[in-house]
Amino acid sequence: MEFLESSEGLANELDKAQNFFQSNNKLFLIIGGVLLAGLLGFVGYRYYQDGREADAQKALYKAVYDFESDSLSLALKGKGGNEGLLSIADNYSGTDAGNLASFYAGVALLKDGKFDDAIQRLKSFGSSDLLLQGRAYALIGDAYMEKNNAKEAIDYYKRASDYKANAFFTPSYLLKLGLAYEKNSQPKDAASTYKRIIDDFPMSSEVMNAKKYLGVVEGQVGE
């Protein structure tokens, strides 16, 4: 820091800095151009995404209406100028509406007995929502149970029951988990799952069934 104590030292440092910037002028122009292009690209992308989100929301409104009217084929495939859930999910991926379309499509496909397609769509869905993400895991478990694959169902029922555990939805997921354990010949795990419902969620509507099923599997555990 001694050079700062004299005017000559400071002048020499300023000369060095000026020479550095002059000799690297093109480099700084390139860096500045890249940063500006990145900023403009980000702004343009956000504008593009906002437009896609608005379009996706409009398309999803009609598809969800058909879904709630139990017009599953119409909801999935659309008709005329109205896009269906499958098209919305594919054409508007990366948007919130496109993500939600994947969830609705998975539910509709599950109801329609297309279990593999339902699993694919529901696995592509992701949310931090208390209800929807846990519900998506449970529905994947349902699809695997329909395919007689209790092992995979157990995995997804566990995810559902562990996801933001609460008194409203968790007991029903645990009941499904217990039944999947039974189907997979794991009575001990089924018993502990039913006990969890009884102990942790004593006011839930699932408690009565949990006690009934527990009485059956406890006999199997002792065999």
Side-chain angles (χ1 to χ4, degrees), residues 56 59-79 82-166 168-187 189-190 193-194 196-197 205-206 209-210 213 216-217:
L60 184 61
Y61 178 82
K62 180 63 173 65
V64 170
Y65 176 82
D66 291 329
F67 172 87
E68 292 179 345
S69 300
D70 281 332
S71 301
L72 297 183
S73 179
L74 193 59
L76 285 167
K77 299 177 183 178
K79 187 176 181 181
N82 297 319
E83 289 188 82
L85 294 168
L86 298 174
S87 176
I88 297 168
D90 293 337
N91 293 336
Y92 298 99
S93 60
T95 67
D96 292 338
N99 183 46
L100 192 56
S102 292
F103 175 83
Y104 276 108
V107 177
L109 289 164
L110 182 59
K111 287 184 176 182
D112 203 29
K114 298 177 181 178
F115 306 124
D116 289 326
D117 292 335
I119 290 169
Q120 179 185 353
R121 292 291 175 176
L122 289 167
K123 282 184 176 180
S124 70
F125 170 77
S127 173
S128 59
D129 182 86
L130 173 66
L131 169 61
L132 291 182
Q133 186 59 70
R135 181 64 175 158
Y137 289 145
L139 288 169
I140 294 172
D142 291 346
Y144 276 120
M145 285 293 279
E146 292 289 349
K147 287 167 55 66
N148 292 314
N149 189 340
K151 182 178 179 181
E152 288 293 336
I154 287 169
D155 180 37
Y156 281 93
Y157 287 146
K158 286 177 68 176
R159 295 190 194 192
S161 59
D162 290 340
Y163 183 80
K164 298 183 179 181
N166 60 88
F168 298 101
F169 310 115
T170 304
S172 65
Y173 301 151
L174 287 171
L175 198 64
K176 288 174 182 256
L177 176 60
L179 292 171
Y181 276 134
E182 286 195 61
K183 187 174 180 62
N184 204 45
S185 300
Q186 296 176 248
D189 292 316
T193 302
Y194 297 140
R196 182 181 168 191
I197 297 173
S205 60
E206 287 77 17
N209 281 330
Y213 298 151
V216 175
V217 296

Side-chain donor or acceptor of Tyr92 paired with backbone N/O of Asn99 under 3.5 Å: no
Side chain to side chain contact (heavy atoms under 4.5 Å, CB included) evaluation trace for Asn209 with Ile197: CA-CA 10 Å; Asn209 281 330; Ile197 297 173; over 6 Å; no
Check: Ser128 main-chain N/O paired with Lys164 side-chain donor or acceptor under 3.5 Å: yes
Point-to-point distance, once rounded to the nearest 0.5 Å, from CZ of Phe115 to CD of Glu146: 4.0 Å
NZ/NE/NH1/NH2 to OD/OE distance under 4.0 Å, Lys62 and Asp66: yes
Interatomic spacing from CG in Leu74 to OH in Tyr65 - rounded to 0.5 Å: 10.5 Å
Candidate pair Asp162 and Tyr137, rule side chain to side chain contact (heavy atoms under 4.5 Å, CB included), full reasoning: CA-CA 10 Å; Asp162 290 340; Tyr137 289 145; over 6 Å; no
Separation between CD1 of Ile88 and OG of Ser102, rounded to the nearest 0.5 Å: 10.0 Å
N-O pairing of Lys151 and Asp155 below 4.0 Å: no
Nearest-0.5 Å distance, NZ of residue Lys176 to CD of residue Glu206: 10.0 Å
Residue pair Leu85 / Leu60, side-chain heavy-atom distance below 4.5 Å: yes
Non-hydrogen atoms of Leu122 and Gly106 that approach each other most closely: CG-CA, 3.8 Å
Nearest atoms (heavy-atom pairs only) where Leu177 meets Ser161: CD2-OG, 4.1 Å
Separation of Tyr163 OH from Arg135 CZ (nearest 0.5 Å): 15.0 Å
Any donor-acceptor N/O pair, Ser172 side chain to Phe169 backbone, under 3.5 Å: yes
Test item: Phe103 and Val107 side chains (from C-beta on) under 4.5 Å apart, heavy atoms: yes
side-chain contact (heavy atoms from CB on, under 4.5 Å) partner of Ile154, the single match among Asn184, Leu179, Asp189: Asn184
Residue pair Tyr156 / Glu152, side-chain heavy-atom distance below 4.5 Å: yes
Quiz item: cation-pi between Lys111 and Phe67, 6.0 Å / 45°: yes
Closest non-hydrogen atom pair between Ser127 and Asp129, with its separation: OG-N, 2.9 Å
Residue pair Leu109, Leu86: steps toward the side chain to side chain contact (heavy atoms under 4.5 Å, CB included) verdict: CA-CA 10 Å; Leu109 289 164; Leu86 298 174; 4.3 Å; yes
Pair Tyr157, Asp142: side-chain N/O donor-acceptor within cut-off below 3.5 Å: yes
Heavy-atom closest contact (Val217 atom, Ala190 atom, distance): CG1-CB, 4.3 Å
Heavy-atom pair with the smallest gap, counting every atom of Ile119 and Ala143: CG1-CB, 3.5 Å
Ala153 to Met145 - nearest heavy-atom pair and separation: CB-CG, 3.5 Å
Neighbour count above 12 (heavy atom, 6.0 Å) for Lys123 NZ: yes
Distance-only polar pair, side chains of Tyr194 and Glu182, donor-acceptor under 3.5 Å: yes
Asp90, Asp116, Asp112 screened by salt bridge (Lys or Arg N to Asp or Glu O under 4.0 Å) with Arg121, the one that passes: Asp90
